[in-house]
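Quick caveat, the model's predicted, so the values are computed rather than measured.
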Amino acid sequence: MTHSNDSFSSDPSIVYVPANQFRIRAIKKDNPDQIFNPRLPAMLKKAGWAAYDKQGNMDWVRSMQEAEDFHPYFALRRVWRALSLVAPSAKLPSKVKDWDTERYPFSVRPDHLLTLKEIMDLHRDAYENTAFDRRAGENAGLFASPYRYGPNKWERSITSRNIAYTWIAQTKDSLPGPVCWLAMNAPAESVFVPLAVAPLPAAYEKADRKTYDPEKAWWISGQVTLLTRGYYSVYSPEVRSAAANEEQRAAKLVEASSSQSPEAFAQTLRENAERTLATWKTLYGNLLVSSDADHHIDYDNTQSDRLKADKVKKY
C-alpha cells in the first residue's frame, strides 16, 4: 500500500509490501493498530501452531509457517526491492538468512514523498541496475526479457507476466472525486489510464478473457503486451515512451479538470480513456511496421554475447 504526495500532501507516506506473503508479525492483545478475534492466540496454541518471538509475543508469520513459495526469494526479494527503492537510506540487505527474517520492517517511510510517476515506475520494476537485473546476463530471457516461462518457479520481480491488471488509487481534495489509474496486463508493457469512480467506458466493461474482442481494453492492451514480450529489447523502449507520453498528458488533464463537477469529470476521463485506447491500437500497428514482420529485428548486444558463449560451450 502506498500513499503518494498526489494523494496526501501533508501526511508522510507509508509504504507496505506484502508480495504474496504474510507480513504481520507480533500479535499483541492491547495493540490499538490490530483487530483480531480475541480467541485467536488460544486457538493457535490449541492447534499446536503457535510460535512466539523473542519478546514472548505470538508471531503470526511463524505460527502460519508462511515459508517462501518454492524457494527463498520467490517473494521476499520483491519486498526488499520495493522498500529499498522508496527508502534507500534504510540500507536493507538484499540477502537474508531465512524466510522468516525480521530484517525487513513491516512498513517504511519513504525518503521523500512519492509522486504518482514514482509509484507507476515501482510497479514496472524488474530489478534494473542491480545484481538481480532480470534483463541482463544469465538472468535474462530472449531479447533481454525479464520474464520466464515453463514449469520452473523462477524468482519473481515486481513486474510479472502473471499480472492481469494494476491499479493506483489517487485522492486529492482539489479534485472532483477519487481517481483510479488502471493498467491492463503488466504495467511494464502497458499504460496507466485514469478513471473516475463512475460508470466505465464500454471498452472497460465485461471483458471476456476467453473471447477475443478488438474493442475491449483488455485485448487492445494485450496485443501490445504480447508483442513486446516476444521482442522485449526491441519494442520495450517505444512502448514505455508511448506510455509515458499518455500518462503525462492524462495527469495534466486530471489537474486541469479540478473545477469540473463530478459528472463532467467522469466524462472527461472516459473520453481520455477512449483516446488512449485509440493510441494503443495505432501503437500496435506501428510496432509491426517498424519491425517489417521481424526482418529488422536482431538480438541486443547482451543477448548476442550470451548466445555466442553458449554456442562455444555446446558445440
Side-chain angles (χ1 to χ4, degrees), residues 117 119-126 128 134-135 140-150 154 156-168 180-195 199-251 253 269-300 303:
K117 181 182 182 303
I119 297 174
M120 291 176 177
D121 290 343
L122 189 65
H123 283 289
R124 289 172 166 137
D125 186 79
E128 285 89 346
R134 299 298 299 272
R135 308 161 306 159
L142 289 175
F143 288 98
S145 170
Y147 303 118
R148 300 296 171 274
Y149 299 84
W154 302 91
R156 297 175 66 181
S157 56
I158 295 175
T159 184
S160 166
R161 69 184 184 89
N162 299 316
I163 297 173
Y165 61 89
T166 302
W167 59 270
I168 300 171
C180 176
W181 291 79
L182 180 66
M184 295 292 189
N185 297 287
E189 304 88 47
S190 185
V191 57
F192 281 98
V193 177
L195 297 167
L200 295 170
Y204 283 88
E205 291 183 338
K206 301 178 181 178
D208 185 349
R209 292 174 63 176
K210 294 183 179 180
T211 303
Y212 175 69
D213 186 339
E215 299 305 315
K216 292 298 183 181
W218 167 260
W219 292 107
I220 295 170
S221 169
Q223 291 178 137
V224 173
T225 294
L226 190 60
L227 184 61
T228 304
R229 288 178 182 174
Y231 300 99
Y232 203 82
S233 60
V234 178
Y235 291 136
S236 181
E238 186 171 349
V239 172
R240 291 210 179 197
S241 176
N245 289 338
E246 284 297 308
E247 289 159 1
Q248 290 170 12
R249 183 185 58 75
L253 178 65
L269 296 191
R270 281 192 289 267
E271 292 172 357
N272 173 75
E274 291 169 354
R275 171 176 169 168
T276 297
L277 290 179
T279 298
W280 228 241
K281 285 183 179 180
T282 301
L283 175 63
Y284 178 62
N286 290 343
L287 293 175
L288 292 174
V289 170
S290 67
S291 68
D292 189 18
D294 101 353
H295 291 175
H296 293 164
I297 289 178
D298 202 351
Y299 287 118
D300 66 293
Q303 192 67 50

So [Y] and [X], do their side chains get closer than 4.5 Å, heavy atoms only?
X: I163; Y: H123; value: no
X: Y232; Y: E189; value: yes
X: R156; Y: N162; value: yes
X: T225; Y: M184; value: no
X: L195; Y: W167; value: no

Close aromatic pair by centroid cut-off 6.0 Å: F143 and Y231: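 Ring centroids of F143 and Y231 are less than 6.0 Å from each other.
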Derivation of the side chain to side chain donor-acceptor pair (under 3.5 Å) call for S221 and N185: CA-CA 7 Å; S221 169; N185 297 287; 3.0 Å; yes
Taking all atoms of both residues into account, what is the closest heavy-atom pair of [X] and [Y], and its distance?
X: L200; Y: E205; result: O-OE2, 3.6 Å
X: A183; Y: P187; result: CB-CB, 4.1 Å
X: F192; Y: W181; result: CD2-O, 3.7 Å
X: W218; Y: A164; result: CZ3-O, 3.1 Å
X: P146; Y: R135; result: CB-CG, 4.3 Å
X: V239; Y: T228; result: CG2-OG1, 3.3 Å

Sidechain N-carboxylate O distance under 4.0 Å for E247, R240: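 Answer for the salt bridge query: no.
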Y149 atom OH, over 12 foreign heavy atoms within 6.0 Å: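 Check passes, neighbour count above 12.
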What is the distance from atom [atom1] of [X] to atom [atom2] of [Y], rounded to the nearest 0.5 Å?
X: E271; Y: L269; atom1: CD; atom2: CG; result: 9.5 Å
X: S190; Y: R124; atom1: OG; atom2: CZ; result: 7.5 Å
X: Y284; Y: Q223; atom1: OH; atom2: CD; result: 5.0 Å
X: Y235; Y: L288; atom1: OH; atom2: CG; result: 6.0 Å
X: T282; Y: I220; atom1: OG1; atom2: CD1; result: 10.5 Å
X: L227; Y: S291; atom1: CG; atom2: OG; result: 7.0 Å

Verdict with supporting geometry, K216 and R209, side chain to side chain contact (heavy atoms under 4.5 Å, CB included): CA-CA 10 Å; K216 292 298 183 181; R209 292 174 63 176; over 6 Å; no
Verdict with reasoning, R249 to N272, per side chain to side chain contact (heavy atoms under 4.5 Å, CB included): CA-CA 10 Å; R249 183 185 58 75; N272 173 75; 2.8 Å; yes
Under 3.5 Å: donor-acceptor pair, side chain of E128, backbone of A126: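 Side chain of E128 to backbone of A126, a donor-acceptor pair under 3.5 Å: yes, one is there.
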Check: S290 side chain, L287 main-chain N or O, donor-acceptor pair, under 3.5 Å: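 Pair found, side chain donor or acceptor close to backbone of L287.
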